[in-house]
Peer 1: 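Before anything else, here's the structure in question.
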Amino acid sequence: MSKMKKLASVLLALVMALAMTCTAFADTTYTITISNSTEGYTYVAYQIFTGTLDSTGTVLSDIDWGTGVNGSALLAALQADTTEVGTDAEGNEITVASLFASCTSAADVAQVLSDNSTNEALAERFAELAAANKSTTVAGTSVYSEDNKNYTISGLSAGYYLVINTEVPDDDDDTNAAYSNYILKVVTNVTVSPKSDYPSFDKSVGTTVDGDMADSDDATEDYAVGDSVLFTLTATLPSNYGDYTTYTLVFTDTLSEGLDVDTSSVVVTIDGVTIPSTYYTVSEVTTNSDGTTTFTVTLSDLKSIEVTDLTISAGSKVVVTYSATLNEDAGSIEYNDASLTYSNNPNDSSNTGTTPDDKTYVVTFTVVVNKTKSDGTTALEGAAFTLYKEVSVDKESFEDGTYYTITDGVVTEATEYDGDATYYVALETISSGTTFTFDGLDIGNYVLVETTTPDGYNTADPITFTISASAVENATEEDGVEVTITSPTEDDGFTISGETTLTTTVKNYAGSELPSTGGIGTTIFYIVGGVMVLGAAVLLITRRRMSTR
C-alpha cells in the first residue's frame, strides 16, 4: 500500500510539472524593441493576426483575426481598394482589390501577404487600411528606457502586429520630430527601426562669397542703412519623402523693426529650378505687438509640382530667397528669425512639425565725431562734416551716380570715368552742433572731411579710416551675436563703445593773429617818422652854420 502511495505521489508531481510546463509555454510573451534614442515618442501595438508561431519565429499557422482589428471591415476595405501596387508579367495593373478578391478569411488574407512579401507598396497600403479599421483594443504601449535609449512594447503574444507612432516630442522642446511609418511585424522578441525623418533647415544672410564679416558662417553680415539685404531659407527634404502622398512646407520669417521685407522679391527654387508662383503663396506682412513683422511662404503640396526637368525626391533642396531693406529705424544689430513647418507623418497628411528657429543678424556701425578746440575738451560750434565712402564703380554704372575723387584732402567731383581712380560717394553732411553722428555704416573705407570750418579756426585735416570687424554667433539667444571691431583702433585716434560704435575727436586750432591799426605796427611807423624828422632838423641847422662861415 505504501508503494502505491509513493507511486501516486510521483505521478502527481509529474502531472504538476507538466502542467506548469504547459502553462509556461502558453503564457510565453514577447517584446518589440524600437530603436529610437530620443525621448518623447509613443508607440502603440495592435494585433492584426493571431496564430501559432513556428520554431523560427517567422511563420504563423492557424491564423485568425487578432484582437486589434475589425476583421470583416478590413477584408471589405481590401476588396474595395483600387490602389495600384504593381504590374503583372504582361504589364497589366495590379490593384489591392484584385489581389484580395477571393479571400474569405484572415488566413486567406495572410496568405496573399505572404505570397507578395517583397511588394513594399502592398505592405504599406495594407498597413494604412489596417490602421483605418483597427479596434479599440491595444495590445501594448511603449515604455522608454533612459539607460538603453530605446522603447519597448512588452507582454505580446505570438501574432502579426501593427505598430503605430501616436506621439512625438513637442516643438517647444526644440526637437525636430516626425512620426514613423506604420510597422508590421510577426512577433517573437524583435527589434525594429522606425522609418521616420524630417527636413533639415538653414537660414543665411548675404551670399556665401561676401566675406566682409569674418567668422560669421553666413549667420551675420554687415550692411548700411538703405541697403537691400538678401536672405536665403533652405529646406532639405527627408529620407522618407517618398513615403508621403502629399507634402507641405511652410517657411515663416520674422524680421525686426529695422528691416522692411519686399514680398514681391520672393523666389522659390527646387534643386536650382525656379518654381512658378502658382505652386506657392506668399502671405501679407503682419506687424506684431513688439514691432516685428512676419510673413510666410507656403508650398501646400510638393507632390503636385510638375515642372520640366525637375524630379523632387529625398534630399532635394527647396530654397526661398527674398530681400529686405535696412531702414532708418535700424539699430546696430538687427535680427531675423525663421522656422520651417513640415509634413511629419506619412500616415496622416494633417500632421505637421516645426523646426526650432534659425536666427540671422544684420550689423551696422556708427561713427561719432566730437568737435573741440585745440585743447581736445572744449566743444566748438560752427563746423560741418561730410562722410565719404569708397565704392567700386564700373564704366557702365558711372553715369548713373555722382562720384568723387579725394587727393591730399581735396574732394573733386568726377566727370569722366577713369578705371584706375578710387571713387567715393558722399553719404551724409551734418552741419550743426558739436557732436556729429553718422549711423548705419557698413564695413569699408571712409574719408571724413570738414566742409565748413568755425570762424577764426584752421580747417582740420581729413581723416581716412577703415571699418573692419568680425562676428561670432553666440550659443544662447539672449547673447545674440558678438561683434569685435578690428579697425580702426585707439592708435588711429578712435575709441570703441558697445560693439559697433566708433568715436573720434577732431580739434580745430585758432588762426595766426596779424597786426592791425592801433597796434605795435603803427607805433613803429611813428618812431621811425620821429627819428627821420629829428635827423632832418639836425641836417638843416648844420647846413646853415656852414653857410655863414
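Please read all numbers here as calculations on a predicted model, not as lab measurements.
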Peer 1: Taking the side chain as everything from C-beta on, heavy atoms only, tell me whether D227 gets closer than 4.5 Å to D442.
Peer 2: yes
Peer 1: Mind running side chain to side chain donor-acceptor pair (under 3.5 Å) on D147 and S145 for me, showing each step along the way?
Peer 2: CA-CA 5 Å; D147 293 336; S145 170; 5.3 Å; no
Peer 1: Would you check if N150 and N36 make a side-chain contact, meaning some heavy-atom pair closer than 4.5 Å?
Peer 2: no
Peer 1: Minimum heavy-atom separation for I485 and A469, please, with both atom names.
Peer 2: CA-CB, 4.0 Å
Peer 1: Which atoms form the tightest heavy-atom contact between S193 and S35, and what is the distance?
Peer 2: OG-CB, 4.0 Å
Peer 1: Heavy atoms, side chains only, cut-off 4.5 Å: are I153 and I34 in contact?
Peer 2: yes
Peer 1: If you compare all heavy atoms of T234 against all heavy atoms of T232, which two are closest, and at what distance to 0.1 Å?
Peer 2: OG1-CG2, 3.8 Å
Peer 1: Residues two or more places apart in sequence or in another chain: which of them pass ring pair (Phe, Tyr, Trp, His ring centres under 6.0 Å) with Y160?
Peer 2: F49
Peer 1: Mark yes or no for whether N133, through its side chain, and L129, through its backbone, hold a donor-acceptor pair below 3.5 Å.
Peer 2: yes
Peer 1: Does the side chain of D400 pick up a donor-acceptor pair with the side chain of S397 at under 3.5 Å?
Peer 2: no
Peer 1: Of all residues at least two apart in sequence or in a different chain, which pass the side chain to side chain contact (heavy atoms under 4.5 Å, CB included) check with T466?
Peer 2: N445, S487
Peer 1: Check step by step if side chain to side chain donor-acceptor pair (under 3.5 Å) holds for D439 and T366.
Peer 2: CA-CA 5 Å; D439 289 313; T366 298; 3.0 Å; yes
Peer 1: side-chain contact (heavy atoms from CB on, under 4.5 Å) for F365 and D222? Distances and angles first, verdict last.
Peer 2: CA-CA 8 Å; F365 299 90; D222 65 287; 4.2 Å; yes
Peer 1: Counting N and O atoms only, with roles assigned by atom type, does the side chain of T252 sit under 3.5 Å from a partner on the main chain of S339, one being a donor and the other an acceptor?
Peer 2: no
Peer 1: State, yes or no, whether a side-chain contact exists between N165 and Y41 at a heavy-atom distance under 4.5 Å.
Peer 2: yes
Peer 1: Under 4.5 Å between any side-chain heavy atoms of Y43 and I164, yes or no?
Peer 2: no
Peer 1: How about D271 and S316: does a side-chain donor come under 3.5 Å of a side-chain acceptor?
Peer 2: yes
Peer 1: Which residue, V268, V318, V297, forms the side chain to side chain contact (heavy atoms under 4.5 Å, CB included) with L249?
Peer 2: V318
Peer 1: Please identify each residue that fulfils side chain to side chain contact (heavy atoms under 4.5 Å, CB included) with S105, with sequence neighbours left out.
Peer 2: A107, D108
Peer 1: If we only count heavy atoms from C-beta on, is the N344 to Y198 side-chain gap below 4.5 Å?
Peer 2: no
Peer 1: Pairs in or reaching into residues 59-87: which pass salt bridge (charged side-chain N to carboxylate O under 4.0 Å, His left out), with residues at least two apart or in two chains?
Peer 2: D81-R125
Peer 1: Which residue pairs pass the ring-ring contact (aromatic ring centres under 6.0 Å, His included) test when at least one of the two sits in residues 70-120, sequence neighbours left out?
Peer 2: none
Peer 1: Do any N or O atoms from the side chain of Y182 and from the backbone of V163 form a donor-acceptor pair under 3.5 angstrom?
Peer 2: no
Peer 1: Do T486 and S468 have a side chain donor and acceptor closer than 3.5 Å?
Peer 2: yes
Peer 1: Please find the pair of heavy atoms, one from T292 and one from S256, that lie closest to each other, and give the distance.
Peer 2: CG2-CA, 4.1 Å
Peer 1: Closest heavy-atom contact between S265 and D262?
Peer 2: OG-O, 2.5 Å
Peer 1: Run the side-chain contact (heavy atoms from CB on, under 4.5 Å) test on L441 and L427 for me, step by step, so that the C-alpha distance in whole Å, both residues' side-chain angles and the decisive distance to 0.1 Å come before the verdict.
Peer 2: CA-CA 9 Å; L441 307 179; L427 297 182; 3.9 Å; yes
Peer 1: Does Y46 have K134 sitting over its ring (NZ/CZ under 6.0 Å from centre, angle to axis within 45°)?
Peer 2: yes
Peer 1: Taking atom types as modelled, is there a side-chain donor on N288 or T294 under 3.5 Å from an acceptor on the other?
Peer 2: yes
Peer 1: Considering residues at least two apart in sequence or located in another chain, which fulfil the ring pair (Phe, Tyr, Trp, His ring centres under 6.0 Å) criterion with Y241?
Peer 2: Y247
Peer 1: Can L60 and L53 be said to form a side-chain contact (heavy atoms from CB on, under 4.5 Å), step by step?
Peer 2: CA-CA 5 Å; L60 279 177; L53 193 65; 4.1 Å; yes
Peer 1: Identify, with sequence neighbours excluded, every residue that meets ring pair (Phe, Tyr, Trp, His ring centres under 6.0 Å) alongside Y144.
Peer 2: Y151
Peer 1: If only side-chain N and O atoms count, and only distance matters, is there a donor-acceptor pair under 3.5 Å linking S180 with S196?
Peer 2: no
Peer 1: Would you find a donor on one side and an acceptor on the other, under 3.5 Å apart, between the side chain of Q79 and the backbone of A97?
Peer 2: no
Peer 1: When you look at CD of E93, are more than 12 heavy atoms from neighbouring residues, nucleotides or ligands closer to it than 6.0 Å?
Peer 2: yes
Peer 1: What pairs with K185 under salt bridge (Lys or Arg N to Asp or Glu O under 4.0 Å), at least two apart in sequence or on another chain?
Peer 2: none
Peer 1: Checking T341 against T354 for the side chain to side chain donor-acceptor pair (under 3.5 Å) test, could you report, in this order, the C-alpha distance in whole Å, the side-chain angles of both residues, the deciding distance, and whether it holds?
Peer 2: CA-CA 4 Å; T341 300; T354 302; 3.2 Å; yes
Peer 1: Does E499 reach the side chain of S332, with side-chain heavy atoms less than 4.5 Å apart?
Peer 2: no
Peer 1: Calculate, to the nearest 0.5 Å, the distance between atoms CG and CD belonging to N119 and E124 respectively.
Peer 2: 9.5 Å
Peer 1: Is it true that N70 and S72 share a donor-acceptor pair across their side chains at a distance under 3.5 Å?
Peer 2: yes
Peer 1: Is there a donor-acceptor contact under 3.5 Å from the side chain of Y161 to the main chain of I32?
Peer 2: no
Peer 1: Within the side chain of T29, is there an N or O that forms a donor-acceptor pair under 3.5 Å with the backbone of S157?
Peer 2: no
Peer 1: Is the backbone of N327 close enough, under 3.5 Å, to the side chain of E334 for a donor and an acceptor to pair up by distance?
Peer 2: no
Peer 1: Work out which heavy atom in V320 is nearest to a heavy atom in V266; give both atom names and the distance.
Peer 2: CG1-CG1, 4.2 Å
Peer 1: What ring-ring contact (aromatic ring centres under 6.0 Å, His included) pairs are there with at least one residue in residues 252-302, not counting sequence neighbours?
Peer 2: F295-Y322
Peer 1: Given I63 and T50, is the side-chain contact (heavy atoms from CB on, under 4.5 Å) satisfied, shown in steps?
Peer 2: CA-CA 6 Å; I63 293 175; T50 184; over 6 Å; no
Peer 1: Without hydrogens or angle criteria, can the side chains of S239 and D197 be said to hold a donor-acceptor pair below 3.5 Å?
Peer 2: yes
Peer 1: Please, which pairs that meet salt bridge (charged side-chain N to carboxylate O under 4.0 Å, His left out) have at least one residue in residues 303-332, sequence neighbours excluded?
Peer 2: none
Peer 1: T248 side chain to S300 main-chain N or O, any donor-acceptor pair under 3.5 Å?
Peer 2: yes
Peer 1: Quick one: do the D348 and S350 side chains pair a donor with an acceptor below 3.5 Å?
Peer 2: yes
Peer 1: Indicate yes or no: at least one non-hydrogen side-chain atom of T321 is less than 4.5 angstrom from one of L230.
Peer 2: yes
Peer 1: Which salt bridge (charged side-chain N to carboxylate O under 4.0 Å, His left out) pairs, counting each pair once, include a residue from residues 236-258, with sequence neighbours left out?
Peer 2: K195-D243, K203-D253
Peer 1: According to ring pair (Phe, Tyr, Trp, His ring centres under 6.0 Å), who are the partners of Y446, at least two apart in sequence or on a separate chain?
Peer 2: F465
